[in-house]
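These values consider heavy atoms only, across backbone and side chains, with no hydrogens, waters or symmetry-generated copies. Note that the structure is predicted; figures quoted are calculated from it, not measured.
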Amino acid sequence: MGLRALLFEHADRDLTKLAEYEKVGGYKALRQALGMEREAIVQEILDSGLRGRGGAGFPAGRKASFLPKAEQRTKPAYLTVNADESEPGTFKDREIMQRIPHAVIEGSLIAAYEIGAEAAFIYLRGEYLSEFEIMRDALEEARSRGLVGANILGTGFDCSIVIHRGAGAYICGEETGLLESLEGKRGQPRPKPPFPAISGLYASPTLINNVETLAAYPFVIRMGGKRYAEIGVQNSAGTRVFSLSGNVVRGGNYELELGTSLRELVFDIGGGVTNGHALKAVIPGGSSVPVLTAAEIDTPLDFDSMATAGSMLGSGAVIVIDDRCCMVQLGLRVAQFYMHESCGKCTPCREGTRWMVSILRKIEEGRASQGELDLLLDVCNRILGNCLCPLGDAAAMPVASYVAKFRSEYQRHIDEGGCPFGGESSLKGLLAPVDQHHAHVREGIEAPA
Amino acid sequence: MSVSDERSLFNEIQEIAAQYPVRRSGIMPALHLAQKKYGWLPPEALREVADALDVSPAYCQAVASFYDMYHLEPVGEHLVEVCTNVSCALVGAQGVLEAFERELGVHAGETTPDGLVTLRAVECAGGCGWGTVVAVDHRYREPVRAEDVAAIVEELSGA
Ligand SMILES: Cc1cc2nc3c(=O)[nH]c(=O)nc-3n(C[C@H](O)[C@H](O)[C@H](O)COP(=O)(O)O)c2cc1C
Ligand code: SF4
Ligand code: FES
């Protein structure tokens with residue numbers, strides 16, 4: 001196991017150009033798919049074992065199968081492509097769009113055909129300006145060649161694709177927040193059910209998939225679902241693009257066969273910890289998942305192994321943390337992010353994330369009592385499972401894990417009345433953004449003693 | 001703004017809105033366009049968007065205020081955004097931000113007195129493996145170290 005290029009094969013070619021992409025088999029899968037029955041495509045995706053690459057890891061074929069059959073629909077179906085990538089640590093969809101924009105387009109067309117949708121929307125993170133230009137140009141080229149729009153490849157299948165640019169809101173990556181935003185509203189998540197497959201965009205049946213999930217579609221169709229399923233390990237088929245960052249020598253995106261060990265990624269491929277420092281911890285799936293300690297470095301990067309280790313594969317973002325990092329400061333910085341990004345719709349998340357930040361700040365500054373450490377965990381517990389969308393959990397889970405796994409470090413802050421790193425932690429300063437939203441984030445509010 | 005400018009923004013918004021099954025979906029692209037025209041979103045920009053889409057200016061304000069990229073206050077000619085989220089912070093984002101503060105003479109969140117540069121600290125920009133990530137007018141510079149900052153500021157002052 002280890003590096004395995006499927007998406008990132010042919011790295012030497014400029015695959016942003018349609019002609020180059022076609023030379024390496026591009027749009028063959030689309031031609032093939034348009035000659036198949038829709039149900040047969042769903043079956044291939046089911047057989048492939050492909051699971052969502054956006055965070056939750058839901059089986060892609062099952063999700064597509066949840067949409068009502070065409071004859072039972074009263075409204076048109078839509079495909080939405082989640083290209084809002086903003087989970088801290090994650091930068092893989094950006095490189096996928098930079099390098100293989102046509103795979104994203106081709107996969108989207110296959111998925112649209114699979115569910116009988118004639119319109120697809122790519123919700124693209126607003127900050128990704130260069131990636132927007134690449135996707136727009138690729139789309140234009142595909143359109144000019146009859147691959148997008150009316151009567152695609154003369155088959156009678158029509159499908160338009162519109163790129164919708166976001167404007168800076170992490171919560172719009174959450175699927176129902178994304179739909180609200182795409183409908184021209186504030187991007188606040190909706191209660192589920194109804195699920196988007198039944199009532200999504202404009203209250204119509206909607207399939208939402210991540211960029212990387214859809215970029216894998218052409219490979220599944222070309223190889224056949226069963227052969228794709230042979231890559232990787234049980235319940236974790238195929239390859240994933242992992243984003244490696246933090247205190248590591250060679251940060252970057254690496255496409256690996258699922259089941260490769262964290263050690264192989266961090267040490268063999270990533271070159272290990274920078275400047276000879278000792279490994280302290282690894283966040284294996286973006287800032288919202290529980291942390292792993294250095295002792296857990298042999299955990300394989302697959303869904304089941306991560307679950308057994310008490311964490312998650314999440315968005316595939318592996319953040320390496322060396323021994324200079326204060327875990328209270330890490331908790332505070334992570335909590336600040338989720339407080340900032342909470343949409344404010346439900347109380348446990350809106351208020352709970354603020355409490356977390358305020359208690360963590362007291363602990364870091366050595367002003368917290370023993371009871372407040374318990375209060376922090378209590379707040380986390382009251383958030384977990386009590387929110388409308390998973391953002392609340394995404395704040396509580398990692399912070400609770402830092403306390404569980406690095407309890408003595410938290411305890412020392414209380415016992416010693418300050419940070420044991422004495423201002424030398426790699427995260428010192430903790431500069432969280434202040435922006436136009438600061439007006440309604442009251443800084444300095446304290447949890448009652 | 002001349003009447004013809006206003007007509008053209010109006011027309012551009014109509015074209016964009018027509019791409020969607022429901023016109024209201026055009027509000028985010030319309031706000032992006034209006035911001036491009038004005039540099040930020042003053043009340044008249046919100047009014048123009050509202051007129052073009054048949055919604056109220058208050059509704060436009062409510063939508064715009066949800067998203068970090070819409071500026072409801074004037075900003076500088078150039079926008080410098082320094083990522084201070086975990087991966088970048090682990091490799092020295094604080095030092096980079098402080099260097100910008102020193103070179104520009106403003107704090108994060110402020111604009112230089114001459115109106116040239118607005119400096120912001122931002123959440124994860126999506127380039128974590130190449131930190132510290134700095135976006136200058138939405139073009140990413142990766143990685144930026146504290147010692148690279150003076151040259152970037154000079155480049156902006158010279159431009
Ligand atoms: C707070 C939050 C943020 C999310 N951000 C993203 C994102 O940026 N990109 C993404 O693909 N999925 C994101 N997700 C997951 C989506 O809700 C959804 O599960 C995913 O897009 C489904 O696609 P997939 O099945 O192909 O993974 C986020 C979820 C939550 C709760
Ligand atoms: S959990 Fe947080 S982000 Fe999600 S809906 Fe509730 S307040 Fe909004
Ligand atoms: S943490 Fe800085 S770009 Fe992601």
Which answer fits [X], side chain, backbone, both or neither, if we ask what part of it has an atom under 4.5 Å from a heavy atom of chain B?
X        : result
A/Gln188 : both
A/Tyr78  : side chain
A/Val318 : neither
A/Glu131 : neither
A/Arg94  : side chain
A/Leu201 : neither
A/Arg125 : side chain

Among [options], who wins on heavy-atom pairs under 4.5 Å with chain B?
options                                : answer
A/Gly246, A/Ala169, A/Gly187, A/Ser130 : A/Gly187
A/Glu85, A/Lys92, A/His164, A/Arg324   : A/His164
A/Val320, A/Leu182, A/Asp93            : A/Leu182

Between B/Asp137 and B/Val80 (side chain of the first, backbone of the second, donor and acceptor by atom type, cut-off under 3.5 Å), is there such a pair?
no

Check: Does any N or O in the side chain of A/Ser181 come within less than 3.5 Å of the main-chain N or O of A/Leu178, such that one atom is a donor and the other an acceptor?
Finding: no

Sort [X] into side chain, backbone, both or neither according to what part of it lies under 4.5 angstrom from a heavy atom of chain A.
X        : result
B/Arg139 : side chain
B/Ala89  : both
B/Glu110 : neither
B/Ile27  : side chain

- Any ion pair linking B/Glu101 and B/Arg120 (charged N to carboxylate O, less than 4.0 Å)? no

Heavy-atom pair of closest approach, residues [X] and [Y]:
X        : Y        : result
A/Pro284 : A/Val289 : CD-CG2, 3.6 Å
B/Leu116 : B/Ser157 : CD2-CA, 3.8 Å
A/Ala112 : A/Cys159 : CB-SG, 3.7 Å
A/Met327 : A/Ala281 : CE-CB, 4.1 Å

Just by distance, no angles: are the side chains of [X] and [Y] close enough, under 3.5 Å, to form a donor-acceptor pair?
X        : Y        : answer
A/Arg73  : A/Ser204 : no
A/Tyr254 : A/Ser243 : no
A/Glu87  : A/Ser288 : yes
B/Tyr140 : B/Glu81  : no

Count the heavy-atom pairs under 4.5 Å between each of [options] and chain A, then report the option with the highest count.
options                            : result
B/Gly131, B/Ala62, B/Pro29         : B/Ala62
B/Gln19, B/His32, B/His138         : B/His32
B/Val91, B/Val22, B/Ile16, B/Val86 : B/Val22

